[in-house]
Every structure is written in C-alpha cells, then in structure tokens.
Amino acid sequence: MGMKKQNKLAQTAVLKQILKKCSSLGKRHGYDEEELPVDVPKGHFAVYVGENRSRYIVPISFLAHPDFQRLLSRAEEEFGFDHEMGLTIPCEEVVFRSLTSMLR
C-alpha cells in the first residue's frame with residue numbers, strides 16, 4: 001500500500017509540473033493577462049503531437065487517465081519539460097486521436 005501512495009505522489013508532482021509548464025509559457029501574442037493562451041478553454045490545455053507537431057486542445061481530466069499518463073512519461077523521457085515548444089507528445093497523430101477519442 002505504501003508503494004501505491006508513493007507512486008500517486010510522484011504522478012501528482014509530474015502533473016503539477018506539466019500544468020505549470022503549460023501555463024507559464026510567457027506573455028506573447030495570443031496570451032491573456034494571466035499568461036494563458038486565449039484559444040484554450042478553461043479546463044483544457046494544449047499539446048503538440050506527431051512529426052509535424054500538430055496542436056491539440058485536450059481536457060485537464062485526461063491527466064488522470066493511466067494511458068495518457070504513460071504518454072506524458074514518454075514525453076518527459078524524450079523531451080523533458082524544459083523546452084520552448086510546449087508540451088510535446090511523442091506518438092503518431094493517429095494513435096493520439098484514437099486514444100483521446102476513447103477517453104472522451
């Protein structure tokens with residue numbers, strides 16, 4: 001039981017880091033006074049997927065899903081969370097769309 005709690009705490013820390021990165025991209029054109037993208041509805045965040053880095057807007061609730069968390073772990077391993085592009089998911093777009101359609 002202690003391992004589950006530790007794993008949950010580690011996941012929570014990673015999710016907080018992701019949300020902080022998504023919301024701290026800096027004031028630029030297309031961002032509001034709270035430094036959030038104006039085209040992303042409340043309760044959602046943007047990710048970049050695939051070879052062409054296509055942009056997708058996904059609900060924050062996806063962060064709690066184990067399959068989405070696996071994608072985030074792969075993203076952390078491949079890209080880390082300290083880069084300018086935003087949260088980049090390392091998988092093919094068709095796979096990402098298939099996964100997210102099942103999560104909705």
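- Classified by interplanar angle (parallel below 30°, tilted 30° to 60°, perpendicular above 60°), the ring pair Phe68/Phe45 is perpendicular.
- Atoms SG and CD, from Cys91 and Glu78 in turn, are 10.0 Å apart once rounded to the nearest 0.5 Å.
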Between Leu71 and Phe62, is a side chain to side chain contact (heavy atoms under 4.5 Å, CB included) present by the stated rule, with each step listed?
-> CA-CA 11 Å; Leu71 284 178; Phe62 282 11; over 6 Å; no
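- Salt bridge status for Glu93 with Arg97: present, with a side-chain N to carboxylate O gap under 4.0 Å.
- Taking NZ from Lys42 and CD1 from Ile60, the interatomic distance works out to 10.0 Å, rounded to the nearest 0.5 Å.
- Considering only heavy atoms from C-beta on, Tyr56 stays 4.5 Å or farther from Ile89 through its side chain.
- Between Leu63 atom CG and Leu103 atom CG the span is 10.5 Å, to the nearest 0.5 Å.
- When all heavy atoms of Thr88 and Ala75 are compared, the closest pair comes out as O-CB, 3.2 Å.
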Stepwise side chain to side chain contact (heavy atoms under 4.5 Å, CB included) check, Arg55 with Val40 | CA-CA 11 Å; Arg55 187 171 187 251; Val40 178; 3.5 Å; yes
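- No path of Ile, Leu, Val, Met, Phe, Trp and Tyr side chains, each step under 4.5 Å between heavy atoms, connects Tyr48 with Val94, placing them in separate hydrophobic clusters.
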